[in-house]
Asker: 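Okay, handing you the structure first.
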There are 2 protein chains.
Amino acid sequence: MATITIDTVGKYEDQNVTISGWLTHKRSSGRIHFLVLRDGTGTMQATLIQGETDEQTLKVYTELTQESSLTVTGTIRKDKRAPGGYEILVSGIEVLQIAEDYPIAPKEHGVGFLMDHRHLWLRSPRQQAILRIRHAVVNAARKFFDDQGFTLLDAPIFTPSSCEGTTTLFETEYFGDRKAFLSQSGQLYMEAGAMAFGKVYCYGPTFRAEKSKTRRHLTEFWMIEPEIAFADLETVMKLAEALMVAIVEGVIKTRQHELELLGRDIKMFEKIQPPFYIISYDEALQILKDAGESFPWGEDFGGGHETIISNHFDKPVLIHRYPAQTKAFYMKNDPHRPEVALCVDMLAPEGYGEIIGGGQREDDPAILKEKIRKADLSAESFDWYLDLRRYGSVPHAGFGLGIERAVAWLCGLEHVRESIPFPRLMDRLYP
Amino acid sequence: MATITIDTVGKYEDQNVTISGWLTHKRSSGRIHFLVLRDGTGTMQATLIQGETDEQTLKVYTELTQESSLTVTGTIRKDKRAPGGYEILVSGIEVLQIAEDYPIAPKEHGVGFLMDHRHLWLRSPRQQAILRIRHAVVNAARKFFDDQGFTLLDAPIFTPSSCEGTTTLFETEYFGDRKAFLSQSGQLYMEAGAMAFGKVYCYGPTFRAEKSKTRRHLTEFWMIEPEIAFADLETVMKLAEALMVAIVEGVIKTRQHELELLGRDIKMFEKIQPPFYIISYDEALQILKDAGESFPWGEDFGGGHETIISNHFDKPVLIHRYPAQTKAFYMKNDPHRPEVALCVDMLAPEGYGEIIGGGQREDDPAILKEKIRKADLSAESFDWYLDLRRYGSVPHAGFGLGIERAVAWLCGLEHVRESIPFPRLMDRLYP
């Protein structure tokens with residue numbers, strides 16, 4: 001007798017098998033009893049019939065509670081009415097454990113309650129769909145870079161210095177009186193990698209101690225960050241577009257069922273094809289003005305502004321050349337217009353806002369040194385970074401894609417907290 | 001005129017092209033001048049001939065220093081004597097930057113010096129070979145799990161509690177007076193995932209503040225950790241074996257050139273086929289005794305012991321059933337022999353020691369609760385973890401593979417510090 005998983009059930013029609021899993025729910029209709037089993041590969045209906053199933057097994061059935069673990073033995077039957085097209089006619093049930101009273105009922109729970117029970121909440125079909133889509137996003141992105149000859153370089157998490165502003169750093173004691181800072185981005189290290197390998201990327205967690213309680217902020221979030229030598233702003237704008245197309249294609253190809261479960265419109269995703277919209281910061285400002293939002297030139301957009309701009313387009317939009325003063329020290333200024341940086345943000349549609357940020361890096365050692373000084377950063381900590389401009393400096397560019405924000409858009413989530421297995425927010429460190 | 005990369009040079013024979021890169025070195029032989037160019041995809045020889053190349057280009061040649069960045073124009077010619085089989089006959093050189101005096105010369109440098117210049121050291125052929133093999137290891141491992149239906153679940157880094165002992169924790173202030181600990185392993189979270197998805201894995205950085213200055217220790221290291229529901233020790237021993245076979249196959253298939261550059265014996269790797277050696281802790285003790293190492297039953301092996309045992313075998317060896325007292329609280333004891341745990345370590349050959357550790361997890365809520373109490377861990381912090389045994393507990397098992405140790409073995413490294421792009425050790429936080 002074969003021990004099988006639910007995803008392979010179609011191969012075992014009319015055969016006697018065993019399946020192990022958990023009870024999601026049960027119901028009775030006259031003398032027929034149904035239990036729905038999940039095993040991580042799928043869910044399926046198991047059927048017991050009074051008068052046909054033996055008394056002992058029927059007794060076990062009555063004792064089963066939600067999320068009890070069990071092994072079911074029986075015959076696989078085709079049944080159009082059953083979800084998935086097959087059911088198992090039960091001949092025996094072996095109980096592994098009768099679960100205690102399960103805290104998550106089909107009724108509505110508050111977000112705080114569900115987050116406190118994230119380790120159990122993961123068992124729900126909706127959360128499983130989201131996290132399987134996340135897996136598909138990661139796979140599509142990695143495949144995209146691998147296929148184009150990028151080398152994966154895992155960036156360090158402990159760093160001696162900050163790269164995205166010193167006010168949002170997590171720090172830890174590092175053997176004695178030294179401090180280590182948790183990485184805010186792998187970019188600076190990817191720049192060193194690009195000078196060695198030409199094209200590199202990292203995928204890993206990054207950390208920002210931002211006191212923001214918005215639907216777009218996590219204190220711990222994962223980024224995929226490519227960096228390319230001999231590349232300019234145009235190169236990475238094209239690359240960012242191609243990456244998002246590859247990610248959307250990968251997800252609709254492998255996770256259509258999950259997108260449908262989440263109520264997403266596959267047709268809308270099929271339209272995510274090049275060319276994306278490309279506008280300048282100045283043009284974005286005009287969109288805000290037309291929407292009645294007064295906004296002074298020279299400031300960065302807030303979440304609300306990004307929502308207005310991104311709602312304006314049915315595909316992702318690339319916004320380039322923000323005021324240099326809004327961007328980090330490592331950005332290169334436009335030689336034709338030094339008040340703007342050679343940078344780009346990509347906003348997802350449907351009001352989701354920024355999912356990618358990047359641009360061309362400053363490659364002149366004297367200018368970079370001056371920028372480090374002006375940003376009030378430690379010259380000593382960045383000496384290695386300046387070496388990249390002393391020994392064969394070349395034009396180079398890259399970007400970072402925030403995985404959670406991309407997943408939130410693809411899944412149509414209200415808040416990024418559902419896009420990561422165990423979210424960490426200002427007020428959330430458990431479980 | 002095509003702008004090409006060195007890896008595609010074979011397609012452009014007798015064509016006029018441009019290639020951008022860095023100068024690794026140059027030499028002259030009579031009236032012929034050679035420069036060797038690297039661009040991240042490979043290295044190739046560029047040739048200038050006095051009397052044929054124009055004077056201006058010959059003058060530029062004389063000014064070029066090691067690691068200067070440049071764009072070379074010329075004709076691709078087949079030449080058996082050239083490394084790679086092709087050279088470029090130079091008609092023009094555009095200098096991007098004449099590099100300052102490059103600190104890493106072909107002469108021997110001390111390890112401290114090279115580690116201080118890790119951002120430049122990455123440009124050396126040996127370091128590139130190692131890190132490309134690392135990439136191949138990661139890809140092979142992820143493909144292995146993806147192909148078998150595992151779901152990738154990125155584990156959190158910030159955790160409210162410890163899982164591998166409280167003495168080696170890095171901690172950070174987390175908004176106000178709370179403390180967050182940096183993850184020592186994603187395992188506990190993968191257990192929650194296994195109860196939801198059946199089979200899961202994570203790949204990410206983990207942190208241990210160990211005051212160990214051995215060749216096997218990093219404070220920040222990456223692990224891939226699978227976890228499976230309805231699985232026992234035997235299941236994960238088989239899985240660990242299959243994973244290592246897949247990794248070795250993936251590396252010799254895609255990175256043979258790099259293995260050869262590192263002086264590794266491909267034939268030895270081709271022998272890494274099932275079955276691996278499987279011995280008990282008690283049998284391992286006998287090997288130590290036979291080698292003249294007196295060792296009391298009940299203690300964990302040190303690095304030196306692992307070296308002796310692993311030198312004893314020409315393939316990886318799995319050692320199972322260590323004394324329970326040497327293992328973490330979450331391990332299940334053998335019901336037939338409660339003084340040993342249902343655990344397994346895999347040691348790599350050639351004296352490399354432990355690369356995998358894992359086993360079957362305690363699934364009884366009462367026993368686990370008692371173990372948490374005995375380990376002096378906070379009951380409150382682990383309440384969520386106990387939930388996994390309250391709501392449908394099932395036998396489950398998993399393991400962690402340390403990527404750096406696997407790479408160190410595959411590459412034949414003296415020390416794990418070369419197996420990761422930017423190593424972090426007790427006394428190393430820069431660059």
Side-chain angles (χ1 to χ4, degrees), chain A residues 20 22 39-41 67-69 96-97 99-100 102 119-120 122-123 128 131-132 135 138-139 146 149 151-154 156-158 160 170-172 174-175 178 180 189 192-193 195-199 204-205 220 222 229-230 384 387-388 390-394 420-422 424 426 429-431, chain B residues 20 22 39-41 67-69 96-97 99-100 102 119-120 122-123 128 131-132 135 138-139 146 149 151-154 156-158 160 170-172 174-175 178 180 189 192-193 195-199 204-205 220 222 229-230 384 387-388 390-394 420-422 424 426 429-431:
Chain A
S20 292
W22 295 266
D39 74 346
T41 73
E67 286 301 320
S68 290
S69 44
L96 279 92
Q97 187 192 45
E100 292 182 27
Y102 194 62
H119 52 293
L120 303 176
L122 294 177
R123 303 180 183 188
Q128 298 220 351
L131 293 172
R132 286 185 207 277
H135 186 185
V138 174
N139 276 1
D146 289 346
T151 300
L152 170 73
L153 278 195
D154 294 312
I157 305 301
F158 287 140
F170 285 107
E171 64 176 41
T172 185
Y174 197 81
F175 301 103
R178 273 182 306 170
Y189 295 95
M195 302 304 142
F197 295 86
K199 300 194 280 189
E220 178 184 325
W222 288 64
F230 301 102
W384 71 269
D387 274 356
L388 308 178
R390 291 181 185 121
Y391 306 111
S393 189
V394 303
I420 185 165
F422 293 92
R424 297 297 183 237
M426 256 190 83
L429 187 58
Y430 180 93
Chain B
S20 293
W22 296 267
D39 75 347
T41 73
E67 287 301 320
S68 289
S69 45
L96 279 91
Q97 188 192 42
E100 292 181 26
Y102 193 62
H119 52 293
L120 303 177
L122 293 178
R123 303 180 184 187
Q128 297 219 351
L131 294 172
R132 286 186 207 276
H135 186 186
V138 174
N139 276 2
D146 288 346
T151 299
L152 169 73
L153 277 195
D154 294 312
I157 306 300
F158 288 139
F170 285 108
E171 63 177 41
T172 185
Y174 197 81
F175 302 104
R178 274 182 305 170
Y189 294 94
M195 302 303 143
F197 294 87
K199 299 195 280 188
E220 177 182 326
W222 289 65
F230 301 103
W384 71 268
D387 274 357
L388 308 178
R390 292 181 184 121
Y391 307 110
S393 190
V394 303
I420 185 167
F422 293 92
R424 297 297 182 238
M426 256 188 84
L429 187 58
Y430 179 92

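Quick caveat: nothing in here was measured; it's all calculated off a predicted structure. Letters A, B, ... are given to chains in the order of the sequence lines, protein chains preceding strands, and every chain is numbered from 1.
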Asker: Could you look at Phe422(A) and say if it's the side chain, the backbone, both or neither that has a heavy atom under 4.5 Å from chain B?
Answerer: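 For Phe422(A), backbone and side chain are both near chain B.
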
Asker: Considering non-hydrogen atoms only, spot the tightest contact between Gln97(A) and Gly392(B) and give its length.
Answerer: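 What the structure gives for the nearest pair is OE1-N, 3.0 Å.
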
Asker: Do His135(B) and Asp146(A) have side-chain heavy atoms sitting under 4.5 Å apart?
Answerer: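 Contact flag for His135(B)/Asp146(A) side chains = yes.
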
Asker: Looking at Thr172(A) and Glu171(B), would you say the former's side chain and the latter's main chain have a donor-acceptor pair under 3.5 Å?
Answerer: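 Side chain of Thr172(A) to backbone of Glu171(B): a pair is present.
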
Asker: Given heavy-atom pairs under 4.5 angstrom as the criterion, report whether the side chain, backbone, both or neither of Pro205(B) touches chain A.
Answerer: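 Contact with chain A involves the side chain of Pro205(B) alone.
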
Asker: Locate the shortest heavy-atom distance separating Gln128(A) from Ala196(B); write the atom from each residue and the value.
Answerer: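 For Gln128(A) and Ala196(B), the tightest heavy-atom pair comes out as NE2-O, 2.6 Å.
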
Asker: Quick check: closest heavy atoms across Leu96(B) and Ser393(A), and the distance to 0.1 Å?
Answerer: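 For Leu96(B) versus Ser393(A), the nearest heavy atoms are CB-O, 4.1 Å.
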
Asker: Between Tyr430(A) (side chain only) and Trp384(B) (backbone N and O only), is there a donor and an acceptor less than 3.5 Å apart?
Answerer: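 Here the side-chain-to-backbone pair exists.
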
Asker: Which pair of heavy atoms, one from Tyr391(B) and one from Arg123(A), lies closest together, and at what distance?
Answerer: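 Distance-wise, the nearest heavy atoms are O-NH1, 2.9 Å.
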
Asker: Once rounded to the nearest 0.5 Å, what's the spacing between atom OG1 of Thr41(A) and atom NZ of Lys199(B)?
Answerer: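 Nearest 0.5 Å value for the OG1-NZ distance: 9.0 Å.
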
Asker: Rounded to the nearest 0.5 Å, what separation is found between the OH atom of Tyr102(B) and the CZ atom of Arg390(A)?
Answerer: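 Answer rounded to 0.5 Å: 13.0 Å.
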
Asker: Nearest 0.5 Å, please: how far is CD in Glu67(B) from CE in Met195(A)?
Answerer: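 The CD atom of Glu67(B) is 11.0 Å from CE of Met195(A), to the nearest 0.5 Å.
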
Asker: Count the heavy-atom pairs under 4.5 Å between each of Ser68(B), Gly204(B), Ser20(B) and chain A, then report the option with the highest count.
Answerer: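 Heavy-atom pair counts peak at Ser20(B).
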
Asker: Show the numbers, then the answer: is there a side-chain contact (heavy atoms from CB on, under 4.5 Å) between Val394(B) and Trp22(A)?
Answerer: CA-CA 9 Å; Val394(B) 303; Trp22(A) 295 266; 3.9 Å; yes

Asker: Which value, rounded to the nearest 0.5 Å, describes the distance between Glu220(B) atom CD and Phe158(A) atom CZ?
Answerer: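 Atom-to-atom, Glu220(B):CD and Phe158(A):CZ are 6.0 Å apart.
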
Asker: Between Asp39(A) and Phe230(B), is any pair of side-chain heavy atoms under 4.5 Å apart?
Answerer: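 The answer is no, as the side chains (C-beta and beyond) never meet within the 4.5 Å cut-off.
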
Asker: Look at Leu122(A), Ile157(A), Ile420(A) and state which one has the largest set of heavy-atom pairs under 4.5 Å with chain B.
Answerer: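 Most heavy-atom pairs under 4.5 Å with chain B: Ile157(A).
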
Asker: Would the distance check show the side chain of Thr151(A) and the main-chain N or O of Arg132(B) forming a donor-acceptor pair, the cut-off being under 3.5 Å?
Answerer: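 No; zero donor-acceptor contacts below 3.5 Å.
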
Asker: Gly193(A), Gly149(A), Pro156(A): which one forms the most heavy-atom pairs within less than 4.5 Å of chain B?
Answerer: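 Option with the top pair count is Pro156(A).
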
Asker: So do the side chains of Phe170(A) and Tyr174(B) get within less than 4.5 Å of each other, counting heavy atoms only?
Answerer: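 Yes - at least one pair of side-chain heavy atoms lies under 4.5 Å apart.
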
Asker: CG of Asp387(A) to CD of Glu100(B): how many Å apart, nearest 0.5 Å?
Answerer: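 Asp387(A) atom CG to Glu100(B) atom CD measures 8.0 Å (nearest 0.5 Å).
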
Asker: With side chains defined as the heavy atoms from C-beta onward, is the minimum distance between Val138(A) and Leu152(B) less than 4.5 Å?
Answerer: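 Yes, side chains in contact.
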
Asker: Grab the two heavy atoms, one from Asp154(B) and one from Pro421(A), that are nearest each other, plus how far apart they are.
Answerer: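 Closest approach of Asp154(B) to Pro421(A), heavy atoms only: O-CG, 3.3 Å.
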
